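Each remark here refers to the structure printed beneath this line.
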Amino acid sequence: MKKVERINIIMRYINNRAHFTITELMREFNISRSTAIRDVREIEALGMPLVAEVGRDGGYSVMRNSVLPVVRFTDNELKALFIAFMATRNQQLPYLKSRQSLTEKLLGLISENQQEDLFLLNQLLLFEGTNPHNPELLELTDLPHPMLDKLIQLLLTDSYLLISIYDETYPVFLIQLYREKSRWMIKGFDLRGEKMQIYPVDLLQNVMPLVPERRLSRTKMLDKLSKQEEAVNLVLELGPQAIAQFKKYHPVQASLSYTNPYQTTAMLKLFINVNQPDELAEMTSWLLFLGENVQVREMPGEVKESMQSRLRLSGE
């Protein structure tokens, strides 16, 4: 039995009963517990008002005489949704494997006049990452790494992961999942090496929950994370031009503290690992990108030498 057909049958089964349990669904439709729970969640998402009952026997009941309000968008809300959707083309975002289907469903909810407005916006607006000669073209880069969806789904329930890269496995407590320079990255605490690490999602071969015996208690985990805070070794004061450059691009770990109400001056405090050649080279390029509207309060000697070397080479 196909999934859609099964859910429709289960909905009719539920609708004819005042109360039901997951066990009853498992027995009635010969499905596993996890499948029954997923089906109930999907049925709730489709709009059937279910109430979970707490207790030893538990179960669900259907709210009778309950009518869900019809969702209506204003013209401006529709434009905002559509423009945001357009702007995500070729951005490697998860859960966007079927843009055509999502677009058709959105258009099916609105009037012909509203559809015409959105079609016109689609012709007039051009965003970074789209082909100017064929804005409808979706590049291969529109699809994220196939492991990203699985990773996010796991993170909704668990932060302790076992990830595989180049046939090596790493037990990790995930801190953040972020996207920088068109790449998805995992920032996590390596439980084996007891240090913070960055793992590119593109390199993931597999990801799964970490077995309980390899985990740490919440107290121990927080204690280890608190000891990982790096000492600041770069302190800069930025003027308005440098702030404008910062807003165009900055590393994910960098943030500004504005020093006046008009946000025309700000302090930047950061740690640069000068023992990592790649990080040193990347941070040198970024600091030069900020321009001359910067006053140095503190900077590692290695960073100064790297910047001076770049400037000498560019002047030759």
Side-chain angles (χ1 to χ4, degrees), residues 90-92 127-129 139-141 144-145 148 163 165-166 168 170 172 174-190 192-204 224-260 262-316:
N90 302 316
Q91 294 297 311
Q92 296 180 317
F127 292 90
E128 181 182 3
E139 310 287 354
L140 289 176
T141 54
H145 190 279
L148 184 61
I163 62 176
I165 298 177
Y166 295 139
E168 291 285 337
Y170 303 89
V172 173
L174 190 137
I175 307 298
Q176 286 178 325
L177 178 64
Y178 66 92
R179 188 169 180 267
E180 185 173 273
K181 291 185 177 180
S182 300
R183 298 184 72 192
W184 285 96
M185 313 292 283
I186 294 171
K187 179 181 179 181
F189 182 78
D190 179 358
R192 186 166 52 202
E194 296 201 348
K195 58 182 178 181
M196 298 297 296
Q197 292 279 54
I198 303 295
Y199 306 93
V201 173
D202 289 350
L203 300 182
L204 285 186
K224 289 185 178 295
L225 290 177
S226 67
K227 295 176 181 179
Q228 289 294 310
E229 295 181 359
E230 304 280 11
V232 169
N233 61 3
L234 176 72
V235 181
L236 305 177
E237 184 175 339
L238 276 58
Q241 291 82 15
I243 291 173
Q245 289 294 94
F246 180 93
K247 290 179 177 178
K248 291 179 183 177
Y249 169 72
H250 60 270
V252 70
Q253 70 268 30
S255 61
L256 292 181
S257 298
Y258 291 101
T259 53
N260 70 24
Y262 306 104
Q263 298 188 354
T264 55
T265 58
M267 297 298 294
L268 170 67
K269 297 181 180 181
L270 196 61
F271 174 80
I272 300 178
N273 188 347
V274 296
N275 297 317
Q276 292 288 339
D278 291 344
E279 181 175 341
L280 179 59
E282 183 176 345
M283 294 303 296
T284 299
S285 299
W286 179 64
L287 292 172
L288 292 171
F289 166 77
L290 291 179
E292 298 179 356
N293 193 211
V294 175
Q295 293 187 28
V296 178
R297 301 301 185 198
E298 181 181 343
M299 179 180 287
E302 293 87 346
V303 177
K304 289 182 181 178
E305 292 176 9
S306 180
M307 293 181 67
Q308 290 169 355
S309 176
R310 293 277 190 94
L311 292 172
R312 284 196 299 269
L313 288 173
S314 63
E316 292 177 358

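Bear in mind the structure is a predicted one, so any value in this text is a computation, not a measurement.
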Heavy-atom closest pair, residues Ala281 and Arg310: O-NH2, 3.1 Å
Gln295 and Arg297: side-chain donor and acceptor closer than 3.5 Å? yes
If you define the side chain from C-beta out and look only at heavy atoms, does anything of Val172 sit under 4.5 Å from Arg192? no
Beyond-backbone contact of Leu204 with Leu148, side-chain heavy atoms, under 4.5 angstrom: no
If only atom types and distance count, is the side chain of Gln245 paired as donor or acceptor with the main-chain N or O of Phe289 below 3.5 Å? yes
Answer whether the closest heavy-atom distance between the side chains of Met185 and Val201 falls below 4.5 Å. no
Under 3.5 Å donor-acceptor, Thr259 side chain and Thr265 backbone: yes
Donor-acceptor pair, side chain of Glu279 and main chain of Asn273, under 3.5 angstrom: yes
Got a second to check how far Glu194's CD is from Phe189's CZ, nearest 0.5 Å? 5.0 Å
Let me confirm one number: the CG-CH2 distance from Leu177 to Trp184, rounded to the nearest 0.5 Å. 5.5 Å
When you look at Asp202 and Arg183, which way does the side chain to side chain contact (heavy atoms under 4.5 Å, CB included) test go after all the steps? CA-CA 8 Å; Asp202 289 350; Arg183 298 184 72 192; 3.7 Å; yes
Could you walk me through whether Ile243 and Gln263 pass side chain to side chain contact (heavy atoms under 4.5 Å, CB included), step by step? CA-CA 9 Å; Ile243 291 173; Gln263 298 188 354; 5.9 Å; no
Please report the closest heavy-atom contact between Val274 and Pro300, naming both atoms and the distance. CG1-CB, 3.9 Å
Please say whether more than 12 non-hydrogen atoms of neighbouring residues, nucleotides or ligands are located less than 6.0 Å from CD in Glu292. no
Any side-chain to backbone donor/acceptor pair from Asn233 onto Ile272? Under 3.5 Å, distance only. yes
Of all the heavy-atom pairs spanning Met283 and Pro251, show the shortest one and how long it is. SD-CG, 4.0 Å
Nearest heavy-atom pair of Leu238 and Phe246: which atoms, and what distance? CD2-CB, 4.3 Å
Which is it for Glu237 and Leu268 under the side chain to side chain contact (heavy atoms under 4.5 Å, CB included) test, yes or no, and what are the steps along the way? CA-CA 6 Å; Glu237 184 175 339; Leu268 170 67; over 6 Å; no
Under a 4.5 Å cut-off applied to non-hydrogen side-chain atoms, are Leu287 and Leu234 in contact? yes
Determine yes or no for a side-chain-to-main-chain donor-acceptor pair under 3.5 angstrom, with Asp278 supplying the side chain and Glu282 the backbone. no
Side chain proximity check, Tyr170 to Tyr199, heavy atoms < 4.5 angstrom: yes
pair Ser257-Lys269: side-chain heavy atoms closer than 4.5 Å: no
OG of Ser255 to CG of Leu270: how many Å apart, nearest 0.5 Å? 8.5 Å
Determine whether a donor-acceptor pair (N or O, by modelled atom type, separation under 3.5 Å) exists between the side chain of Trp286 and the backbone of Tyr249. yes
Dump the intermediate steps for side chain to side chain contact (heavy atoms under 4.5 Å, CB included) on Gln197 and Lys187, then the final yes or no. CA-CA 6 Å; Gln197 292 279 54; Lys187 179 181 179 181; over 6 Å; no
Restricting to non-hydrogen atoms, name the atom on Ser306 and the atom on Thr284 that form the minimum distance, rounded to 0.1 Å. OG-OG1, 2.8 Å
Should Val303 and Leu280 count as side-chain neighbours, where that means a heavy-atom distance under 4.5 Å? yes
All heavy atoms of Val232 vs all of Glu298, minimum pair found to be O-OE2, 3.7 Å
dist His250:NE2 -> Leu256:CG (nearest 0.5 Å) comes out at 7.5 Å
Is the side chain of Asn293 donor-acceptor paired with the backbone N or O of Gln241 at a distance under 3.5 Å, no angle test? yes
With side chains defined as the heavy atoms from C-beta onward, is the minimum distance between Ile186 and Gln176 less than 4.5 Å? no
Can you tell me if Ser309 uses its side chain to pair, donor with acceptor, with the backbone of Glu305 under 3.5 Å? no
